[in-house]
2 protein chains.
Amino acid sequence: MKPVNEDVQHRILLSARAEFATFGLAGARIDRIASNAHASKERLYAYFSDKAALFRAVLDLNGCEFYDAVALRADAVADFVGDIFDHSLDRPEHLRMLTWARLDGVPFAPPTGSDAPAGKVETLRAAQRLGLVDTRWDPELLLTMLFSLGFAWANSPVPGAVANDPDVRSRQREAAVAAATRIIQPR
Amino acid sequence: MKPVNEDVQHRILLSARAEFATFGLAGARIDRIASNAHASKERLYAYFSDKAALFRAVLDLNGCEFYDAVALRADAVADFVGDIFDHSLDRPEHLRMLTWARLDGVPFAPPTGSDAPAGKVETLRAAQRLGLVDTRWDPELLLTMLFSLGFAWANSPVPGAVANDPDVRSRQREAAVAAATRIIQPR
DNA sequence: TAGACCAAACGAACCAGTTCGTTTGACTTT
DNA sequence: AAAGTCAAACGAACTGGTTCGTTTGGTCTA
């Protein structure tokens, strides 16, 4: 049951991602999405039932891409935080979309699979069995804190926390990884 | 200088805070703000020049309250993270407002003073001199990470991260404080 | 009387979503 | 190959409702 023209639908989805990530659900404008996608509103509503449905489609797309992008290996748990940090700079729209959705109360179902949160918790458990992560941590709580460390500057309310200077950035990254190392360190 | 009736202006400000914290700048409705404040729109626009100005006034109010609410003492740096965690549950509107403002690109100037970020960085430096915090940390980077740890669950995109069960909450809180303890530990 | 206040209404702009008439392209029939 | 058919793609214009910000007319109080 594939859509008649996947190309147009895809262009609308990408345009919607840029719009929603920039302006949020309430601030986004359907006209801008259609026009930036070089499509008509009629086409947009042919493929997506309404604004909220389009938002959810973008949210799902970003959620999957997001969890796929940051991989967790049992033998490199601290580096995982560095990867998250890098990703928050490479693809800021991912975190922005998740944040808009959370504030707007749009339910978001994390993907299932090995790259999903549940899979990452399992990997943390494996790292604990290998003696690479302190076994006293609840892996679920630990995962939340690791994500939070990686996003510390992206989420910081203080303006200018996301620095442009590469030197500052690498010092932030190193701090996050070093903090993660100290946290997981068995003793 | 002073408004003719501070009471009405204050009611509008509090109503605006609830509205903006819930719906954001674009989603907030001026009519709702006025009506919930038991005030007329005419009064609202008598005291605040436009929607954006009202938003900025709310943002400043929240920013001051926010930094005032969480105190940092040199001899209780890890507990500071616990205080942040508690505050994220007690006054979620503070973090929500700061987050809406960041996403919407509304500039936010943190307050100045001893409770402000700059003052807290100084306190961290003092804690380092007292040998309570590892001196290898850049205090500014450390502060961002401590805030981030305290907000780890409030900022988590995973729905249900903010738990209602007091047991789960206290385990989250303990994890955040324990992680902070490990991070700052001199060695 | 002056000014703080309110309810109501207004206007211009805006916005989500629909309708409608036209075009395109693939497939058939002659 | 020309003509006919049909469904989907499409753009432009339209609709009904909403929103911000302003104005008006009036009450109350110092």
Side-chain angles (χ1 to χ4, degrees), chain A residues 1-61 96-97 100-101 103-107, chain B residues 1-61 96-97 100-101 103-107:
Chain A
M1 277 304 84
K2 60 157 184 284
V4 187
N5 188 337
E6 279 191 42
D7 193 44
V8 176
Q9 189 182 24
H10 194 241
R11 255 162 34 220
I12 291 173
L13 198 60
L14 294 187
S15 171
R17 155 143 78 184
E19 179 78 10
F20 283 130
T22 305
F23 301 104
L25 177 51
R29 297 293 166 245
I30 291 287
D31 288 299
R32 268 201 301 253
I33 294 174
S35 127
N36 287 338
H38 302 288
S40 68
K41 281 207 287 180
E42 187 273 345
R43 280 296 91 190
L44 190 153
Y45 282 103
Y47 293 122
F48 303 96
S49 59
D50 58 13
K51 195 186 188 183
L54 181 54
F55 186 85
R56 284 192 300 271
V58 170
L59 183 60
D60 285 347
L61 172 67
R96 285 182 66 92
M97 268 304 292
W100 284 118
L103 289 177
D104 272 326
V106 176
Chain B
M1 188 66 245
K2 62 162 188 278
V4 185
N5 187 335
E6 282 191 36
D7 194 43
V8 176
Q9 189 183 25
H10 195 240
R11 256 162 34 220
I12 292 173
L13 198 61
L14 293 187
S15 171
R17 156 144 79 184
E19 179 78 10
F20 283 131
T22 306
F23 302 105
L25 177 53
R29 295 294 165 248
I30 291 286
D31 286 308
R32 267 201 302 253
I33 293 174
S35 126
N36 288 338
H38 302 290
S40 67
K41 280 206 291 177
E42 186 270 346
R43 280 296 93 187
L44 190 152
Y45 281 103
Y47 292 124
F48 303 95
S49 61
D50 59 12
K51 196 186 188 186
L54 181 53
F55 185 85
R56 284 191 300 271
V58 170
L59 184 59
D60 286 346
L61 171 68
R96 285 181 66 92
M97 267 304 293
W100 284 117
L103 289 177
D104 272 325
V106 177

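Heavy-atom basis, side chains included; hydrogens, waters and symmetry copies ignored. Order of the sequence lines fixes the chain letters, A, B, ..., with proteins taken first and strands second; residue numbering starts at 1 for each chain. From a predicted model like this one, the values you see are computed outputs, not experimental measurements.
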In whole angstroms, the gap separating P of C:dA7 from CG of B:N36 amounts to 13 Å

Here the distance between atom P of D:dC20 and atom CZ of B:F48, to the nearest Å, is 16 Å

Ranking D:dT19, D:dA9, C:dC6 by distance to the side chain of B:A39, first place goes to C:dC6

- Query: For A:S40 and D:dC10, is the shortest distance between a side-chain N/O and OP1 or OP2 below 4.0 Å?
  - Reply: no

- So, do B:F20 and B:L54 sit near enough that their side-chain heavy atoms are less than 4.5 Å apart? yes

Checking B:K51 side chain against B:L25 main chain: does a donor-acceptor pair fall under 3.5 Å?
yes

A:L25 atom CG is separated from C:dA16 atom C1', nearest whole Å, by 12 Å

Just call it for A:A28: base, sugar-phosphate, or nothing, with non-hydrogen atoms closer than 4.0 Å on any strand.
sugar-phosphate

I want to check one thing: is the phosphate of C:dC14, taken as OP1 and OP2, less than 4.0 Å away from some side-chain N or O of A:R29?
no

Of all heavy-atom pairs linking A:A28 and A:F23, the shortest is N-CB, 3.7 Å

A:I12 atom CD1 is separated from D:dG11 atom C1', nearest whole Å, by 13 Å

| task | Could you check whether B:A37 gets within reach of a base, just the sugar-phosphate, or nothing at all, counting any heavy atom under 4.0 Å? | result | nothing

Atom CD1 of B:I33 and atom C1' of D:dG21 are separated, to the nearest Å, by 13 Å

B:D50 has its side chain closest, among C:dC6, D:dG21, D:dG11, to D:dG21

Per atom distances to the A:D31 side chain, the nearest of C:dC15, D:dA9, C:dC6 is C:dC15

Side-chain contact check for B:R11: nearest option of D:dC10, C:dC6, D:dT19 is C:dC6

Taking C:dA16, D:dA9, D:dC20 as options, the one with an atom nearest any side-chain atom of A:Y47 is D:dA9

Taken to the nearest whole Å, CD/B:E42 to P/C:dA7 is 11 Å

Checklist line | B:L59 side chain reached by B:W100 side chain, heavy atoms, under 4.5 Å | finding: no

note: B:R43, atom CZ; C:dA8, atom P; distance rounded to Å ~ 17 Å

Taken to the nearest 0.5 Å, the spacing of B:I33 CD1 from B:R11 CZ works out to 14.0 Å

Checking D:dT22, D:dG11, C:dC6 against the side chain of B:Y45 (C-beta onward), the nearest is D:dT22

When rounded to whole Å, the CG to P distance for the pair B:L44 and D:dT19 reads 15 Å

Query raised in the report: Under the 3.5 Å rule, do the base of D:dG21 and the side chain of B:K41 count as making a donor-acceptor pair?
Result: yes

